[in-house]
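In what follows, a single structure is set out as structure tokens and then discussed.
Note that these values count all heavy atoms, side chains included, but never hydrogens, waters or copies made by symmetry. This chain uses plain numbering: 1 for the first residue, then up along the sequence.
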Amino acid sequence: MDWSWSEHAVCVIDDSGAAMERFTVTHTAPGVSTMVTALHRHRVTGVPIERGDGPVVAALLDAGLTVFVIASRQVTALRSRYGTTGNKDDRFDAYLLADVLRTDRRRLTPLTTDTPATVGLRMLIRARHDLVKARVAAHNQLRAHLQLAHPGVIGLFHQLDGKISLAFLTGQTSDRRRACFRWSNWWRRGESNP
């Protein structure tokens, strides 16, 4: 099956590689349920997919289907094996994935369900990613504000979120801040005396 954010293209093939059924389902619970029912009806023993996580993979594993992950860059490379390169075609990619599973199954490793520790680690990694993204956004916002209010200050610090910068922004007396701003304005204008 060719995974997508909005709909999934599925191709069921027989032992000789001939397509038995092609269909698309929406990326919704009823759509995934329809797909699982069709796969069971055809007695599919393995499902190749380009992505190894998410609700679709969870539904396939919960339905007792064996899932094989084939990375999208491998699919891109395999297109030439079938005499086609260039634009992505979801229906063709669904066939390609099914046929690669048929011909190269012994080389592919089935996906296993995650342990609770793995699920917890994945959640922590996602949370860290979100926090880093928020930190970068706050840093960029602070830089933009300083650029408008006191542009000379930006050049004084190597990193705006470093110890010196944070001490300056939070703990300096107003006289020291004013002196630094005067100095930074002097520096920016290129005067010889502060």
Side-chain angles (χ1 to χ4, degrees), residues 1-140:
M1 75 170 279
D2 186 59
W3 186 94
S4 171
W5 288 104
S6 58
E7 64 180 17
H8 313 295
V10 181
C11 181
V12 179
I13 62 173
D14 62 17
D15 290 337
S16 68
M20 295 169 46
E21 182 177 0
R22 293 177 189 257
F23 58 94
T24 58
V25 295
T26 58
H27 185 67
T28 61
V32 172
S33 178
T34 300
M35 177 183 61
V36 168
T37 302
L39 294 173
H40 279 303
R41 184 177 68 245
H42 287 288
R43 293 186 174 90
V44 170
T45 58
V47 180
I49 190 168
E50 294 177 85
R51 184 177 172 147
D53 63 344
V56 174
V57 172
L60 292 170
L61 291 172
D62 289 345
L65 294 164
T66 305
V67 177
F68 295 87
V69 178
I70 301 173
S72 58
R73 63 183 185 280
Q74 288 177 308
V75 172
T76 301
L78 286 166
R79 285 190 192 119
S80 63
R81 179 178 176 180
Y82 292 85
T84 180
T85 56
N87 294 341
K88 181 175 174 8
D89 177 8
D90 293 343
R91 287 175 43 93
F92 177 75
D93 283 355
Y95 173 79
L96 183 145
L97 286 163
D99 198 49
V100 167
L101 180 61
R102 178 184 69 86
T103 59
D104 299 334
R105 187 180 193 124
R106 70 187 186 290
R107 294 182 183 145
L108 302 172
T109 305
L111 190 64
T112 57
T113 55
D114 292 334
T115 64
T118 304
V119 172
L121 180 61
R122 186 173 286 125
M123 289 171 60
L124 286 173
I125 290 170
R126 284 184 185 147
R128 182 187 183 282
H129 180 265
D130 291 344
L131 288 172
V132 167
K133 209 167 156 184
R135 179 176 169 245
V136 168
H139 178 270
N140 291 340

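L101 and P48 make their closest contact through CD2-CD, 3.6 Å (heavy atoms, listed as atom of the first residue, atom of the second, distance). In terms of heavy-atom proximity, L97 sits nearest to M1 at CD1-O, 3.1 Å. Taking both residues in full, the closest heavy atoms of C11 and A98 are given as O-CB, 3.6 Å, listed atom of the first, atom of the second, then distance.
Rounded to the nearest 0.5 angstrom, H42 NE2 and E21 CD are separated by 3.5 Å. With rounding to the nearest 0.5 Å, the separation of CD in Q74 from OG1 in T76 is 10.0 Å. To the nearest 0.5 Å, the span separating OG1 on T26 from CE on M35 amounts to 10.0 Å. Within the model, atoms CG of D90 and OG of S6 stand 8.0 Å from one another, a figure rounded to the nearest 0.5 Å. Rounding to the nearest 0.5 angstrom, the gap separating the CZ atom in R128 from the CG atom in L131 is 9.0 Å.
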Between side-chain atoms of residues 52-72 and protein atoms elsewhere (two or more places apart, or another chain), which donor-acceptor pairs fall under 3.5 Å?
from : atom 1 : to   : atom 2 : distance (Å)
D53  : OD1    : R51  : NE     : 2.7
D53  : OD2    : R126 : NH2    : 3.4

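The salt bridge (charged side-chain N to carboxylate O under 4.0 Å, His left out) search around R22 returns none, not counting sequence neighbours. In terms of the salt bridge (charged side-chain N to carboxylate O under 4.0 Å, His left out) criterion, residue partners of D2 (sequence neighbours excluded) are, by chain and number, K88. Listed by chain and number, the residues in a salt bridge (charged side-chain N to carboxylate O under 4.0 Å, His left out) with E7 amount to none (sequence neighbours excluded). Partners of R105 under the salt bridge (charged side-chain N to carboxylate O under 4.0 Å, His left out) rule, at least two apart in sequence or in another chain, do not exist in this structure.
The closest side-chain heavy-atom distance from R81 to T103 is below 4.5 Å. By the 4.5 Å heavy-atom criterion applied to side chains, D14 and R102 are not counted as neighbours.
Within the structure, the salt bridge (Lys or Arg N to Asp or Glu O under 4.0 Å) test picks out no pair touching residues 23-37 (sequence neighbours left out).
In terms of modelled atom types and a separation under 3.5 Å, the side chain of T34 and the main chain of P30 share a donor-acceptor contact.
The local environment of CZ in R41 is crowded, with over 12 non-hydrogen atoms from other residues, nucleotides or ligands closer than 6.0 Å.
Between H8 and W3, the angle of the ring planes lies from 30° to 60°, which puts this pair in the tilted group. The aromatic rings of F92 and Y95 sit tilted relative to each other, their planes meeting at an angle between 30° and 60°.
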